[in-house]
**Student:** 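Following this message is one structure expressed as structure tokens.
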Amino acid sequence: MLEKMEILNVEKLIGDFEVMTKDAENVQRETLKMILEENGCAEYLQNMGLNGRTDPESFKACVPLVTHKDLEPYIQRVADGAFSPILTGKPITTISLSSGTTQGKPKFVPFNDELMETTLQIYHTSFAFRNREFPIENGKALQFIYSSKQSKTKGGLFAGTATTNVFRNSQFKKAMTAMQSECCSPDEVIVGPDFHQSLYCHLLCGLIFHEEIQLVSSTFAHSIVLAFRTFEQVWEELCDDIREGVLTSRITFPSVRSAMAKLLKPNPELADLIEKKCSRLSNWYGLIPELFPNVKYIYGIMTGSMEPYLKKLRHYAADVPLISADYGSSEGWIGANINPSLPPESTTYAVLPNIGYFEFIPLKENVEEPKPVGLTEVKVGEEYEVIITSFAGLYRYRLGDVVKVMGFHNSTPELKFVCRRNLMLTINIDKNTEKDLQLAVEEAAKLIAEEKREVIDFSSNVDVSADPGHYVIFWEISGEVSDEVLKECCNCLDRSFVDAGYVSSRKVNAIGPLELRVVWKGTFHKILDHYLGLGAVVSQFKTPRCVGPTNNKVLQILCDNVAKNYFSTAF
Ligand code: AMP
């Protein structure tokens, strides 16, 4: 266990990683053996007829591939406080809530000490590689992290989002100190009951410690962009607080107020300095290095559904490097970013062979009868769906993510995140993924960039209420744009879906003209608030990019806020 102020031995961590990845196949066998030995007495595994066998062949023959839905009754019994071992040998004491942005509602998944250990392992591994290329000195991190309340399930288990469970764990703080990445905000701000108030205080803490800030981070990059967009709105208020040494009355929670009062002293020089810095920026370009002169990099998950925020993030970051954080989920971790100098668009994740047992369903084969392959059997250039067997009671669990194998680090694959498998725009023979949507939006957004406008956020839906069905794209834009340009954007979106099934269906009108709906400013904030109301946290929030029928509340928010709409005339 790490003691306070112990600094990580990065060369040893890298050495251990090299040894382990050179022998990934054996490490996988050993890992599976450990998982099955530790949990063999659990009801779920007892019913599978493994009879003590722990080899991959028996495991695959006896245990079926499952989705969350299949495991839900078991997880529910755990949450309800069942006494006997159900999914794991040791009792589960905590439940994680996934962000639920895909399905529309958060899912319950088990969380335990082993999952916390793997979290620390992956943090340490990627830190070791990162620190070799971008060393940080003893300083502080401006971390936009938010921990929701932990509640109790019917059976008395703690329940919180996975990030909450991690941030509230005593090991987390020690790990951050060991990685010289101690959060500049007090705990009361991180666990504050209102995210808007916590965000304001994070910004204030960042300014108070502005010279010490070595990195700016969050779990997902969305939170960083949201934070600096908020800064644009509240910077004068922040300066007033610093000048007077008195926190704005908008911050109402006593615990947060008293924690901030300990840090906030009247500092007119700092207030003047920040005002000067802000006034010399053009359209907030380079805001981050201007405010934090010693920042070494910006860190958070930047791939997949976070890619659309990179443009804005680069605008705030100027030439400060953007480094994508690791790849994982509430269900378990998968891979670490060990090539931190690559831009997020090229980031890959090297799978840690000892943090779970991994299988991969090849996507080019028959998807009706999936035949998963092992970690070391994947092929470069192919796409796969990820299957996890974890230390926290998930066995052959289909995560629903699609990854592409870009290469190998020793014998472990380096994965590129492609998309969520079920996030798909499809009406008949067309198939457009979240990535296809992102590319189409990027292309069309160039037309409004000429008018110095940007797409703040976007989503989509297939409207099959009339025949033929058509794609609907929702845009929130940073300001006014003429009808003429928006009509052109709509046509451009329609033309930018280049999937052969879509183009041919459009040509014969088997899919109707694409519709662009421009929503009022603040609509995507309402969506965020909707998820927060369901118990999600900002730290794990991902804007739902394709809103399916299970997510009708979000669809309703989008539809209720349409300011203008346009139909394509591209075909
Ligand atoms: P949640 O458990 O709700 O926090 O969401 C986990 C999901 O977030 C994963 O299954 C992925 O779809 C996505 N995700 C996590 N890490 C990354 C990453 N590094 N790049 C892209 N997507 C990610």
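Read the numbers this way: they start at 1 and go in the same order the structure lists the ligands and their atoms.
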**Student:** Hey, is ligand 1 close enough to Asp401 that some N/O pair sits below 3.5 Å?
**Tutor:**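 Asp401 vs ligand 1: N/O contact under 3.5 Å present.
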
**Student:** Hey, is Lys542 one of the residues with a heavy atom under 4.0 angstrom from ligand 1?
**Tutor:**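 Yes; Lys542 lies near enough to ligand 1 that a heavy-atom distance drops under 4.0 Å.
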
**Student:** Using a 4.0 Å heavy-atom cut-off, say whether Thr303 meets ligand 1 through its side chain, its backbone, both or neither.
**Tutor:**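 The part of Thr303 near ligand 1 is both the backbone and the side chain.
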
**Student:** Side chain, backbone, both or neither: which part of Asp326 comes within less than 4.0 Å of ligand 1 when only heavy atoms are counted?
**Tutor:**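 For Asp326, only backbone atoms sit under 4.0 Å from ligand 1.
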
**Student:** So that I can tick it off, tell me whether Arg545 and Asp457 are bridged by a salt bridge, with the cut-off set at under 4.0 angstrom between side-chain N and carboxylate O.
**Tutor:**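 Yes.
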
**Student:** What pairs of donor and acceptor atoms, side-chain ones from residues 87-94 against any protein atom, are under 3.5 angstrom apart with sequence neighbours left out?
**Tutor:**
from	atom 1	to	atom 2	distance (Å)
Thr88	OG1	Lys90	O	2.7
Lys90	NZ	Glu114	OE2	2.9

**Student:** Ligand 1 versus Met306, non-hydrogen atoms closer than 4.0 Å: side chain, backbone, both, neither?
**Tutor:**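 None of Met306 does.
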
**Student:** Please identify which atoms of ligand 1 are closer than 4.0 Å to at least one heavy atom of Tyr349.
**Tutor:**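 Close to Tyr349: 18 (C), 19 (N), 20 (N).
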
**Student:** Ignoring hydrogens and geometry, is there a side-chain-to-backbone donor-acceptor pair from Lys542 to Gln540 under 3.5 Å?
**Tutor:**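 Flag set: sc Lys542 to bb Gln540 pair under 3.5 Å.
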
**Student:** Is a salt bridge present between Asp401 and Arg420, judged by a nitrogen-to-oxygen distance below 4.0 Å?
**Tutor:**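 Yes.
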
**Student:** Check each atom of ligand 1 against the heavy atoms of Arg420 and keep those under 4.0 Å away; list them by number with element.
**Tutor:**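 Contacts of ligand 1 toward Arg420, numbered from 1: 10 (O), 12 (O).
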
**Student:** Name the orientation class of the two ring planes belonging to Phe129 and His409 (parallel below 30°, tilted from 30 to 60°, perpendicular beyond 60°).
**Tutor:**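 Plane angle over 60°, so perpendicular.
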
**Student:** Looking at Lys311 and Glu442, is any side-chain nitrogen of the basic one under 4.0 Å from a carboxylate oxygen of the acidic one?
**Tutor:**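 Lys311 and Glu442: not salt-bridged.
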
**Student:** Heavy atom of Asn337 under 4.0 Å from ligand 1?
**Tutor:**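 No, Asn337 has no heavy atom closer than 4.0 Å to ligand 1.
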
**Student:** What I want to find out is whether Arg229 reaches Glu454 closely enough, with some N-O distance under 4.0 Å, to be called a salt bridge.
**Tutor:**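 The answer is yes: the pair qualifies as a salt bridge.
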
**Student:** Okay, side chain of Asn337, backbone of Asp326: is any donor-acceptor separation there less than 3.5 Å?
**Tutor:**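 Not confirmed, Asn337 side chain does not pair with Asp326 backbone.
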
**Student:** May I ask you to identify, for Phe417, whether its side chain, its backbone, both or neither come under 4.0 Å of ligand 1 on a heavy-atom basis?
**Tutor:**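 Looking at Phe417 and ligand 1, just side chain atoms fall under 4.0 Å.
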
**Student:** Is Gly328 near ligand 1, meaning one of its heavy atoms is under 4.0 Å from it?
**Tutor:**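 Yes; Gly328 lies near enough to ligand 1 that a heavy-atom distance drops under 4.0 Å.
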
**Student:** Would you say ligand 1 has an N or O under 3.5 Å from any N or O of Gln540?
**Tutor:**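 Among all N and O atoms of Gln540, at least one is under 3.5 Å from an N or O of ligand 1.
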
